[in-house]
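I have placed the structure first, in the form of C-alpha cells, so that the comments after it can refer back to it.
Below, read A as the first sequence line, B as the second, and so on, with proteins coming before strands; counting in each chain starts at 1. Atoms considered below: every heavy atom in the structure, side chains included; atoms not considered: hydrogens, waters and symmetry mates.
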Number of protein chains: 2
Amino acid sequence: MTATTVHQPTHREALWALEDAFERGDLITVFGRCTVEYDGRAASSLGVGRRLLVLKPDGTALVHTDENQKPVNWQPPGSEHHAAVRDGRLRVRSVHTSPDETLAVRFETVEQLSAMSVSGRRDLSVTGSEADLRNALLDRPALIESGFEPLATERPTDAGPIDLFGRDSDGRPVVVELKRRRVGPSAASQLQRYVAAIEREEGDNAAVRGILVAPSVTDRARRLLAEHELEFVAVEPPSSTGDAGENNTLDTEPAETNAFDLAVDDSAHDSAGDATGNDESEAAGTVPADEESN
Amino acid sequence: MTATTVHQPTHREALWALEDAFERGDLITVFGRCTVEYDGRAASSLGVGRRLLVLKPDGTALVHTDENQKPVNWQPPGSEHHAAVRDGRLRVRSVHTSPDETLAVRFETVEQLSAMSVSGRRDLSVTGSEADLRNALLDRPALIESGFEPLATERPTDAGPIDLFGRDSDGRPVVVELKRRRVGPSAASQLQRYVAAIEREEGDNAAVRGILVAPSVTDRARRLLAEHELEFVAVEPPSSTGDAGENNTLDTEPAETNAFDLAVDDSAHDSAGDATGNDESEAAGTVPADEESN
DNA sequence: GCCTAGGTCCCGTGG
DNA sequence: CCACGGGGCCTAGGC
C-alpha cells in the first residue's frame, strides 16, 4: 500500500527488498554507485557513477543520470528483471527476448532502495495531436482550399495511408498530408510518395494534387515541394493556453473542440513565400502572465 | 553525499525537503498520489493516480506510471522546478520557455520523497551505431561493391548531407545511404533525394547511382527503390555478443573496431529478391546460452 | 536560434 | 509477428 524503503542497506538486504518488490509488482527505485553494461540491438558500457535505477513491473528498466530526459541506459517493457549478489555486490539484470537484449547494473554501493505500487495511466487525454488537426480540417475543409471536398481519412494506397484525401472544385484528386509542427524534407517526400501512388491508381494522365498542411515549412522542404509541384498550406499551431472554448464563429458550424487555430496562408508551389512560421504575433490573446490559481 | 529520504511526510515537510534538494542540485524522486496537467506544444490532463515523479537538476521532469518506457508526462531539460503548498497540498510546477511549456503535478498524498546527488554519463561508449557501420565500410569498401571508391562522408548537397559518397569502377558517382537497421519507405525516399541532388550538381546527363546499405528492407521500400532505379546492399546487423576483437582478416587492413559483420547480399533494382533479412542463420557463432559470469 | 538526421528511438494501430 | 507513421518525439552536430 505505502512505500517501502531501505536506506544504506547491505547488498544482501537490498536483494531481499528487491525480491519482495518484484513479488508485489511494485515500481522500484534504486540510488547508488554502479556500472552499466548493455548488449542487444547495440552495445554500450558505462563506467562507475552515481545513478538512479528504475524498475517497472512491466519489465521496463531505466538508468538515469543527473541530466537529460532520456535514460542513459534502459531496457524495454517485456524484459525480466533478475537480482543477485555476486562478489558481495548487488547486480540487477534485465533480460529481453526478441530482440535479445540484456542490461546489467552492478552496484558498488546501494544508497537507497524504494518500492511502491503505482497505477497505470487510464485517463490521459491529450489535445493538439495530428488527429485533432485532421478533425478541425474536416469541420472546415475550406481552410485547406475553397471548394475542397474531403472524401476519406487514412485512405490506403500502395505507398501507405493518406492522412486526408479528397477532390478540389475541379474534381481533381487531392492528397493532403498533415503535420502538427514545422515540416522538413521528409514530410515533402512522404507527400510525394502518396501523390505518385494515387497517380498510378488513377492513370498516367491524372493530374493529382498534393498539399502539405502544417504550421510552417523549412526552406529545403519548400524547394522539394516546388520540384514536385506540390503545395503548402499553413495552419496555426495548437494554441496551447486553454482556449478550447474560444471558437471564432465565422461560419455556421458549431466547430467541435478545436485545439488548432486554423489560418489560411496559401503558398503556391512556384512562389518563394515567407510563411516560415516565425512571424506569428497575434493569435488568441497571448497574455503570458496571469495563470489562474498560481 | 548520501541519499536523504522523508517517508510519509506532510505536504509541508515534503516542500522543505524539495527546496533543500533543489538547493543541493540533487536528483529527486517523489512517490505519491497526484494529478498531472501539461500545457505547451500540446496539452494533456491526467487524473489522480499513484505515480513516480523524477526531478533532475538540469530541469528535466518525468512522471512515470507502472508501465512503458516513456514517462506519461514530462518536461524537457532547461525547465525550472518550483514547489509550493496550495490548499494544504504539495504542488510541483516545471516551467520551460521557448517553447513555452508548463507541467503541474498536484499531490493528494506524498508517500515518500528522496534526493541524492548523481553524476553524469561521462564515459558511455556505444557500439553498433550507423557511424560504426560507416567506419566498417570505409575499411572495406568492396563490401558495398567491388571497385567502389569512397570519396567523402557527410558530403553536403542541396538536399542534405550524404552518408557516404564515392565512385564505382566505371567512375560513376555513387550515393550511399546507411542504416543500422531494417529500412522502410522513408529511407528509400531519403536516398532518392540525395541522388537527385547529385544529378543536378553533375548535370542532367549524369548517371548517378544510389545504394541503400542496411541489414534488410521492407517490401514497400524495395519497390520504391526499384521505381527510382536505386540499389540495395545487405549487411549483417551489429552482431551483439562481444565479438569486438574478432576481425576476419581477409585483407591487409588492420580493420578498426568493427561492430558490424559485413556480408555482401546484393539485390539489384530490377530483381525481386528475398533479402528481407529474416533468413540469417549462420553469422558468427551465435550460441544463445552461456554468457560469461552469471 | 534553426536545420538535418539518427535513435538500443518508443508507441499505437492494423494486417 | 511485421510494417508503417506519429511523437509534446529526444538528442547530437552544424551553422
Looking at every heavy atom in both [X] and [Y], which two are closest together, and how far apart are they?
X: Ile198(A); Y: Pro173(A); value: CG2-CB, 4.4 Å
X: Glu67(A); Y: Asp58(B); value: CA-OD2, 3.2 Å
X: Arg134(A); Y: Thr153(A); value: CD-CG2, 3.5 Å

Over all strands shown, is [X] touching base, sugar-phosphate only, or nothing at heavy-atom distances under 4.0 angstrom?
X: Glu154(A); answer: nothing
X: Ser186(B); answer: nothing
X: Pro185(A); answer: sugar-phosphate

DNA chain C: 5'-proximal contact among Pro77(A) and Ala159(B) (nearest heavy atom): Ala159(B)
Looking at dG7(D), does its base get a donor-acceptor pair with the side chain of Glu130(A) below 3.5 Å? no
Secondary-structure stems, DNA chain D, at least 3 Watson-Crick or G-U base pairs under 3.5 Å: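 Counting only runs of 3 or more consecutive pairs, the stems involving DNA chain D are C:1-7 with D:9-15, C:9-15 with D:1-7.
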[X] side chain N/O closer than 4.0 Å to the phosphate oxygens (OP1, OP2) of [N]?
X: Arg181(B); N: dG6(C); answer: no
X: Arg134(B); N: dG6(C); answer: no
X: Ser98(A); N: dC1(D); answer: yes
X: Thr218(B); N: dC4(D); answer: yes
X: Arg193(A); N: dC4(D); answer: no
X: Tyr194(B); N: dT4(C); answer: no

State the [atom1]-[atom2] distance between [X] and [Y], to the nearest 0.5 angstrom.
X: Ile211(B); Y: Leu225(B); atom1: CD1; atom2: CG; answer: 11.0 Å
X: Arg93(A); Y: His82(A); atom1: CZ; atom2: NE2; answer: 7.5 Å
X: Lys70(A); Y: Trp74(B); atom1: NZ; atom2: CH2; answer: 12.5 Å

Using whole Å, report how far [atom1] of [X] lies from [atom2] of [N].
X: Lys56(B); N: dC10(D); atom1: NZ; atom2: P; value: 13 Å
X: Leu46(A); N: dT8(C); atom1: CG; atom2: P; value: 14 Å
X: Leu224(B); N: dA3(D); atom1: CG; atom2: C1'; value: 13 Å
X: Glu101(A); N: dG7(C); atom1: CD; atom2: P; value: 14 Å
X: Lys179(B); N: dC9(C); atom1: NZ; atom2: P; value: 12 Å
X: Asp163(B); N: dA5(C); atom1: CG; atom2: P; value: 9 Å
X: Gln190(A); N: dC4(D); atom1: CD; atom2: P; value: 12 Å
X: Arg220(B); N: dC2(D); atom1: CZ; atom2: C1'; value: 12 Å

Arg182(B), nearest nucleotide to its side chain (from dG6(D), dA3(D), dG5(D)):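 For the Arg182(B) side chain, the nearest candidate turns out to be dA3(D).
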Would you indicate which nucleotide in dG6(D), dT8(C), dG8(D) comes nearest to any side-chain atom of Arg180(B)?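 Between dG6(D), dT8(C), dG8(D), the one nearest the side chain of Arg180(B) would be dT8(C).
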Are any of the side-chain heavy atoms of Thr218(A) and Pro185(A) separated by less than 4.5 Å?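 Contact flag for Thr218(A)/Pro185(A) side chains = yes.
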Would you say that Leu164(B) contacts Pro150(B) through its side chain, given a criterion of any heavy-atom pair below 4.5 Å between the two side chains?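 Answer yes - side chains close enough.
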Interface residues of residues 58-74 of chain B with DNA chain C (non-hydrogen, below 4.0 angstrom): Asn68(B), Gln69(B), Lys70(B)
Whichever of Ser44(B) and Gly160(A) has its nearest DNA chain D nucleotide further upstream toward 5':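 Taking each residue's closest nucleotide, the earlier one in sequence belongs to Gly160(A).
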For DNA chain D, whose closest nucleotide is more 5', that of Thr97(A) or that of Ala221(B)?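 Nearer the 5' end of the strand: Thr97(A).
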dC4(D) and dG8(D): how far apart are their P atoms, nearest whole angstrom?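 Pairwise P distance, dC4(D) against dG8(D), rounds to 22 Å.
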With rounding to the closest Å, how many angstrom separate the C1' atoms on dG7(D) and dG7(C)? 13 Å
Using the side-chain hydrogen bond (donor to acceptor under 3.5 Å, both in side chains) definition, which of the options Glu101(A), Glu80(A), His81(A), Lys56(A) pairs with Ser94(A)? His81(A)
Qualifying salt bridge (charged side-chain N to carboxylate O under 4.0 Å, His left out) pairs with a residue from residues 153-165 of chain B, counting only residues at least two apart or across chains: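 Applying salt bridge (charged side-chain N to carboxylate O under 4.0 Å, His left out) to every pair that reaches into residues 153-165 of chain B, excluding sequence neighbours, yields Arg155(B)-Glu201(B).
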Assess the side chains of Lys179(B) and Gln190(B): does a donor N or O sit below 3.5 Å from an acceptor N or O?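 There is such a pair between these side chains.
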